[in-house]
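Single-structure report; data block below.
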Protein chains: 2
Amino acid sequence: MSVFTATSLSILTSSAEGYPMSSSPDWGSSVGTPCSFVQPQGYGQYGASALLSDSEERGLSCSGGGSGGSCVPRDVQKNVRVSGVSVQLEMKTLWEEFNRLGTEMIVTKAGRRMFPTFQVKIFGMDPLADYALLMDFVPLDDKRYRYAFHNSSWLVAGKADPATPGRVHFHPDSPARGAQWMRQIVSFDKLKLTNNLLDDNGHIILNSMHRYQPRFHVVFVDPRKDSERYAEQNFKTFIFQETQFTAVTAYQNHRITQLKIASNPFAKGFRDCDPEDW
Amino acid sequence: MSVFTATSLSILTSSAEGYPMSSSPDWGSSVGTPCSFVQPQGYGQYGASALLSDSEERGLSCSGGGSGGSCVPRDVQKNVRVSGVSVQLEMKTLWEEFNRLGTEMIVTKAGRRMFPTFQVKIFGMDPLADYALLMDFVPLDDKRYRYAFHNSSWLVAGKADPATPGRVHFHPDSPARGAQWMRQIVSFDKLKLTNNLLDDNGHIILNSMHRYQPRFHVVFVDPRKDSERYAEQNFKTFIFQETQFTAVTAYQNHRITQLKIASNPFAKGFRDCDPEDW
DNA sequence: TAGTTTTCACCTAGGTGACAACGT
DNA sequence: ACGTTGTCACCTAGGTGAAAACTA
């Protein structure tokens, strides 16, 4: 890791400031790979209707149909090393189950893992080329939320707090050859979320009570000396709607809590019935 | 891992059959790097005098002086990618402490880690070249031993049992660039020893009650198509006398047991006094 | 008797949600 | 009220040597 500088990635971190599903016009249904990009219906319900019941079927429109959402600017001709890459989200049905309820992810000062863990299968890389894999998190909108316990629903509580430092998490095996990435499931289980603005552990900093969309980036490590010039061509971004979530310091929706307890092995101590009942 | 075949390593596995310190004439004090190879005094005491008291100072002759024992056939001109490589054993004083008592390593059917763990710092690699790092274990002699509890010493119990399958343990990060290997300590903590001849977990198979010398190999992954032809030039082997040990299924020397308990964090449960008393 | 195998209590190391305490 | 923080019991996962059981 950290063999290569962030130069070729500046394009990523800068774009992380916007809201890719809405305000950024050059993100859309892609070319090349099977692309299940879904129009911004899922978060739109949040943004527009502002009040949303748990039992709504809104998750269905976010789950996507195919193996992954490939979202690249239309006008950039991608390098052949990334253009053919496709990605399949693991534990997709579990993600969808959470998403249907409105996924919440705990953030703590020390940093908390995500559950479910973001993990993918990768196809179509050049086996001999070097790639870096990384994730970042973009706000789904500019709102702050609060949870209404009385009717189990999220409410808009105002405009978003000031944006957190836009960090990026490199998969610790980066960089590595395509053959290695494709050999087995790539897991981002080391990634941790924090609400500590002064965090110096390299964790992802998020605002509690805000909504986020995880993004997955495949970056071809260009051996050319002037590789910065090709930065835009050398990466490809994948977005899975079903992985969006609300950052919280304590779970709000009781059904999310129960699903976490039921499906996360580390929460086994809080189960009171067989895990197969789910 | 396993990106490259064993072709370039056949030379290693084949040489693992002999006893490099004695019968193999082309192993000796080396060229190139600082080389603390010590004449076969250490094991020689085992082979020759056959009976050895715990309190002898034999360990002192095995501990070596410099940063590592580099042992290569004299007549082969090494590739520049490996000729400048040097290696420093971590926890050297702990290894020496064990070696002074006569190190024992547990072997189990399921596989047991080594303690101390074999770990090294590496210098002088080409930062951009790819290397594989691996370990193997060669018999120190052709003897079988038993422990005489009455006077706390090892006795020769006969000729060695049939040799075990000569396996090799690749460091799981192999292959990787020199820059990555040199960045931090390289630890072989995943390596496990077994006495199960039918082991299919890829563990190192050893005969209990036999003496072994761990070896550390740095292999330059040659990008040339006919790289097999340069196999001999592309690797360099390091031997640290102080890491030799007797494989056992249960500790024989009570002082070894006590030192393991005192120094291995996982054995903390068996301590009855402060760990700083050592 | 000498050595091996299995089981076990006890650790390391660290990921869970519950909960009480603490802010604002 | 609402949200955050730290502590805690309870897990996962797996590395220890002790001791009993087993095998020639």
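Each chain gets a letter, A, B and so on, in the order its sequence line appears, and its residues count up from 1.
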Rounded interatomic separation in angstrom, taking [atom1] from [X] and [atom2] from [N]:
X: A/E104; N: C/dT16; atom1: CD; atom2: P; value: 15 Å
X: B/H203; N: D/dG14; atom1: NE2; atom2: P; value: 12 Å
X: A/Y251; N: D/dG3; atom1: OH; atom2: C1'; value: 16 Å
X: A/M209; N: D/dG3; atom1: CE; atom2: P; value: 4 Å
X: A/R271; N: C/dA18; atom1: CZ; atom2: P; value: 13 Å
X: A/I106; N: D/dT5; atom1: CD1; atom2: C1'; value: 12 Å
X: A/K260; N: C/dG15; atom1: NZ; atom2: P; value: 15 Å
X: B/R146; N: C/dT4; atom1: CZ; atom2: C1'; value: 17 Å

Checklist entry - Which word best sums up how the rings of B/Y145 and B/W154 line up, parallel for under 30°, tilted for 30 to 60°, or perpendicular for over 60°? => result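 The rings of B/Y145 and B/W154 stand perpendicular, inter-plane angle above 60°.
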Next on the checklist: What verdict does the side chain to side chain contact (heavy atoms under 4.5 Å, CB included) test give for A/F216 and A/V120, after you've listed the backbone C-alpha separation in whole Å, the side-chain angles of each residue and the deciding distance to 0.1 Å?
Outcome noted: CA-CA 9 Å; A/F216 172 59; A/V120 289; 3.9 Å; yes
Item to check | Test item: side-chain donor near acceptor, A/Y147 and A/N151, under 3.5 Å | outcome: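 No - no donor-acceptor pair under 3.5 Å links their side chains.
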Item to check | B/D136 versus B/H169, side-chain donor and acceptor atoms under 3.5 Å | outcome: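 No pair is found: no donor N or O on one side chain lies under 3.5 Å from an acceptor on the other.
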Checklist entry - side-chain contact (heavy atoms from CB on, under 4.5 Å) with A/K192: which residues, sequence neighbours excluded? => result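 So A/K192 forms a side-chain contact (heavy atoms from CB on, under 4.5 Å) with A/R113, A/H203.
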Checklist entry - Which distance, rounded to the nearest 0.5 Å, do you find between the CD of B/E97 and the CE of B/M91? => result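 Those atoms lie 9.5 Å apart.
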Item to check | Check: A/S263 side chain, A/L259 main-chain N or O, donor-acceptor pair, under 3.5 Å | outcome: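 Judged by distance alone, yes, a pair lies under 3.5 Å.
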Checklist entry - Backbone N or O of A/I205 within a donor-acceptor pair of the A/T194 side chain at under 3.5 Å? => result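 Not a single qualifying donor-acceptor pair exists.
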Item to check | Geometric cation-pi criterion B/K260 and B/F98, 6.0 Å radius, 45° cone | outcome: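 Yes, B/K260 lies over the aromatic ring of B/F98.
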Checklist entry - Is any side-chain N of the basic residue among B/D142 and B/K159 closer than 4.0 Å to the acidic one's carboxylate O? => result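 B/K159 and B/D142: salt-bridged.
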Next on the checklist: Looking at A/D199 and A/K109, is any side-chain nitrogen of the basic one under 4.0 Å from a carboxylate oxygen of the acidic one?
Outcome noted: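 Result for this pair is no, no salt bridge flagged.
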Checklist entry - Quick one: ring-ring contact (aromatic ring centres under 6.0 Å, His included) partners of A/W95, sequence neighbours excluded? => result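 Partners of A/W95 under the ring-ring contact (aromatic ring centres under 6.0 Å, His included) test: none.
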Checklist entry - In B/S/- notation, 5' to 3', how is nucleotides 19-24 of chain D contacted by protein heavy atoms closer than 4.0 Å? => result ------
Checklist entry - Phosphate oxygens OP1/OP2 of D/dT4: is one of them under 4.0 Å from a side-chain N or O of A/S208? => result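 For D/dT4, OP1 or OP2 has a side-chain N or O of A/S208 closer than 4.0 Å.
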Checklist entry - With respect to the side chain of A/T249, which nucleotide from D/dT4, C/dG17, D/dG17 is positioned closest? => result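 Comparing D/dT4, C/dG17, D/dG17 against the side chain of A/T249, the answer is D/dT4.
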Next on the checklist: Taking the minimum atom-to-atom distance to the side chain of A/N195, which one of D/dT5, C/dG17, D/dG17 wins?
Outcome noted: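 Of the candidates, D/dT5 comes closest.
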Could you go through nucleotides 6-13 of chain D and list every protein N or O atom that sits under 3.5 Å from one of its N or O atoms, giving the distance for each pair?
from   : atom 1 : to     : atom 2 : distance (Å)
D/dT12 : OP1    : A/K268 : NZ     : 2.8

Next on the checklist: Suppose we call two aromatic rings close when their centres sit under 6.0 Å apart. Are A/F188 and A/H171 close by that rule?
Outcome noted: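 When the ring centroids of A/F188 and A/H171 are compared, they turn out to be within the sub-6.0 Å range.
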Item to check | Any residue of residues 111-120 of chain A with a heavy atom less than 4.0 Å from an atom of DNA chain C | outcome: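 Only A/R112, A/R113 qualify.
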Could you run down the sub-3.5 Å N/O contacts of the protein with nucleotides 19-24 of chain C?
none

Item to check | Steps toward side chain to side chain contact (heavy atoms under 4.5 Å, CB included) verdict (B/F118, B/F240) | outcome: CA-CA 10 Å; B/F118 188 94; B/F240 297 89; 3.9 Å; yes
Checklist entry - Is B/T108 touching bases, backbone alone, or none of the nucleic acid, heavy atoms closer than 4.0 Å? => result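 Result for B/T108 = nothing.
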